[in-house]
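In what follows, chains are A, B, ... by sequence order, proteins preceding strands, each numbered from 1. Keep in mind that this is a model prediction, so the values were computed, not measured.
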Protein chains: 2
Amino acid sequence: MVTPKRKDAQQLTELILETARDLFTQYGVDTVSMHQIAKTAGVGQATMYRRYAQKGDLCLELIDDQFGRLRAEIDGQLEQLADAPVLERLIAVFRRIIMFTHNEASLLKAIHVSLVQSRCLNDDAQQFFCSQPYLYLHGTLTSLLKEAMDSGQTVSFDPAFTAHIMIAALAPHTLQHLSDRYGYTTDDIIDQLICTLIRPLFHSFE
Amino acid sequence: MVTPKRKDAQQLTELILETARDLFTQYGVDTVSMHQIAKTAGVGQATMYRRYAQKGDLCLELIDDQFGRLRAEIDGQLEQLADAPVLERLIAVFRRIIMFTHNEASLLKAIHVSLVQSRCLNDDAQQFFCSQPYLYLHGTLTSLLKEAMDSGQTVSFDPAFTAHIMIAALAPHTLQHLSDRYGYTTDDIIDQLICTLIRPLFHSFE
DNA sequence: AATAATAGCGGACAATTGTCCGTTTGTCAA
DNA sequence: TTGACAAACGGACAATTGTCCGCTATTATT
């Protein structure tokens with residue numbers, strides 16, 4: 001039988017991504033519309049929507065490179081700190097995540113919008129929570145928390161649950177509010193979060 | 001001079017709210033459009049948008065009664081537990097908030113959408129964080145946390161900051177994901193959150 | 001090369017959100 | 001009462017999001 005695949009499909013995907021990246025950096029993620037991206041890239045609406053059903057999906061794709069870098073950083077740090085106490089490793093990971101959230105705030109907020117609204121809430125899939133970035137962060141935090149608890153250094157809790165809560169606490173709009181309204185710097189926020197979410201779990205804190 | 005106020009303005013406001021409430025309960029918050037509400041109520045688009053710029057604002061108004069009840073419950077509990085340890089009072093407040101979030105999930109999610117997206121992010125106002133409900137919850141948590149810390153029962157932290165983080169951790173979509181994906185009941189979630197966010201702050205935990 | 005078949009492109013179209021402006025309507029002064 | 005004034009109503013209009021379907025272009029087959 002015939003199963004033809006267009007050879008130019010991949011090129012269009014890259015054209016769309018590149019156009020979106022350019023427009024986002026020039027005008028800001030919020031103000032650029034899907035229609036505008038398609039128009040500028042010179043492709044039909046459907047051509048884009050078939051790839052990215054919402055702006056959030058597009059952003060998730062765009063952030064993928066940056067996220068790969070974050071992942072490499074975290075993995076590197078963990079390897080380098082392999083012999084360090086779990087607490088230290090947890091703090092290192094946390095710091096990286098917060099820096100990343102701060103740097104990629106605009107894309108992350110757009111992704112969050114898609115998560116919160118839309119029929120995602122009805123889908124079984126739950127795009128965001130099943131995305132590779134989320135799963136990686138959750139998995140990494142969970143295993144560190146589990147190691148800390150299993151080695152008896154902390155109080156008792158459910159590592160997977162706690163990891164979800166910690167990630168929720170790092171929602172971009174909350175961090176932005178803390179920095180806009182209260183003037184906290186990124187370092188302030190990191191320190192405060194460690195004092196509030198991580199250290200208290202450890203017996204050795206006092 | 002003349003400063004006339006239409007006497008029917010208030011009636012229209014109530015008509016809009018009532019219509020919205022009816023449509024929401026009948027069809028669900030997500031599927032009902034602003035246009036549909038205006039059409040059903042028999043008022044112009046602008047008449048509604050002049051009062052509620054987004055669906056989230058409307059939901060914030062609709063939830064106000066329920067929130068008044070929550071507030072009364074919390075205030076009542078705190079009065080009743082006036083002599084109880086701070087830890088116990090914190091847990092009681094937390095429990096109420098989570099139950100409320102669970103019961104009013106659909107309205108709260110709609111409110112969150114408006115918060116996360118939209119030009120709210122550019123506004124100085126930041127509607128949501130300045131809303132009476134948020135300020136009340138944040139204030140109540142902050143004062144309890146401050147009391148706990150000042151009385152030397154807990155580790156050291158910034159009460160106001162921590163209160164923000166705690167509320168962020170209770171985001172409706174996160175709680176929904178925990179219950180949908182992992183099957184946690186409301187009581188499970190309450191217990192876990194207490195073990196993760198509250199008890200560890202206290203010296204006396206162990 | 002010519003042909004058949006289909007993956008998938010593109011623009012028109014529908015639905016929703018948000019804005020603007022001509023007109024109505026209630027209030028106050030005479 | 002009547003007239004003037006402005007608060008505020010309502011629907012038309014613009015912008016954005018999301019869908020549908022006719023048509024093109026690509027590839028396997030002969």
Side-chain angles (χ1 to χ4, degrees), chain A residues 1-17 19-20 23-24 27-60 110-123 127, chain B residues 1-17 19-20 23-24 27-60 110-123 127:
Chain A
M1 262 329 242
V2 272
T3 49
K5 298 279 180 179
R6 284 193 172 215
K7 69 179 178 190
D8 54 346
Q10 182 56 28
Q11 293 172 14
L12 276 185
T13 298
E14 281 163 22
L15 175 61
I16 291 171
L17 286 178
T19 306
L23 289 176
F24 284 167
Y27 301 107
V29 177
D30 298 332
T31 56
V32 174
S33 70
M34 293 291 268
H35 186 83
Q36 187 180 353
I37 296 171
K39 203 70 169 295
T40 306
V43 303
Q45 299 270 40
T47 302
M48 188 171 51
Y49 274 98
R50 219 171 289 119
R51 290 165 169 76
Y52 310 106
Q54 334 172 31
K55 201 150 82 171
D57 295 346
L58 211 167
C59 294
L60 205 54
I111 293 170
H112 252 253
V113 171
S114 298
L115 156 68
V116 176
Q117 73 182 352
S118 86
R119 62 174 160 276
C120 281
L121 295 170
N122 305 327
D123 284 356
Q127 201 60 33
Chain B
M1 255 341 234
V2 272
T3 49
K5 299 278 180 181
R6 284 191 171 217
K7 69 179 178 188
D8 55 345
Q10 182 56 28
Q11 292 172 15
L12 276 185
T13 298
E14 281 165 20
L15 175 62
I16 291 171
L17 286 177
T19 305
L23 288 177
F24 283 168
Y27 301 106
V29 176
D30 298 331
T31 56
V32 174
S33 71
M34 293 291 268
H35 186 84
Q36 187 180 355
I37 296 170
K39 204 69 171 295
T40 306
V43 303
Q45 298 269 38
T47 302
M48 189 169 51
Y49 274 98
R50 219 170 290 120
R51 290 164 168 77
Y52 310 105
Q54 333 171 31
K55 201 150 83 170
D57 295 346
L58 212 167
C59 294
L60 206 54
I111 293 170
H112 253 252
V113 170
S114 299
L115 158 67
V116 176
Q117 72 183 354
S118 85
R119 62 174 159 277
C120 280
L121 296 171
N122 305 326
D123 284 355
Q127 201 60 33

Q.
As a check on the pairing definition, encode DNA chain D in dot-bracket form, counting Watson-Crick and G-U wobble pairs whose two distances are under 3.5 Å, and using | for partners outside this strand.
A. ||||||||||||||||||||||||||||||
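Closest approach of B/A41 to B/L15, counting heavy atoms only: O-CD2, 3.3 Å. Between A/G56 and A/I111, the shortest heavy-atom distance links the atoms O-CG1, 3.7 Å. Summarising the geometry of B/A38 relative to B/G44, their closest heavy-atom pair is CB-O, 4.2 Å, with the distance given to 0.1 Å. The minimum heavy-atom distance between B/M34 and B/M48, with the atom names listed, is O-CE, 2.9 Å.
Atom C1' of nucleotide C/dT19 and atom OH of B/Y52 are separated by 19 Å, given to the nearest angstrom. Atoms CD1 (B/I37) and P (D/dG10) sit 15 Å apart, rounded to a whole Å. When the P atom of C/dG18 is taken as reference, atom CZ of B/R51 falls 17 Å away, rounded to whole Å. Distance, A/K39 NZ to C/dG10 P: 13 Å, rounded to whole Å. At whole-Å resolution of the value, CZ in A/R50 and P in D/dC20 are 12 Å apart. Taking atom CD of A/Q10 as the reference point, atom C1' of D/dT26 lies 16 Å away to the nearest angstrom. Atom CE of A/M48 and atom C1' of C/dG8 are 15 Å apart (whole Å).
Evaluation of the side chain to side chain donor-acceptor pair (under 3.5 Å) rule for B/R50 yields no partner, not counting sequence neighbours.
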Give each protein N/O atom lying under 3.5 Å from an N/O atom of nucleotides 13-17 of chain D, with the pair distance.
| unit_1 | atom_1 | unit_2 | atom_2 | d |
| --- | --- | --- | --- | --- |
| D/dT17 | OP2 | A/M34 | N | 3.0 |

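Counting heavy atoms from C-beta outward, A/L58 and A/I37 have side chains that approach closer than 4.5 Å. Side-chain contact between A/I16 and A/T19 is absent, with no heavy atoms from C-beta onward closer than 4.5 Å.
Rounded to the nearest 0.5 Å, atoms CZ (B/R51) and CG (B/D57) are 13.5 Å apart.
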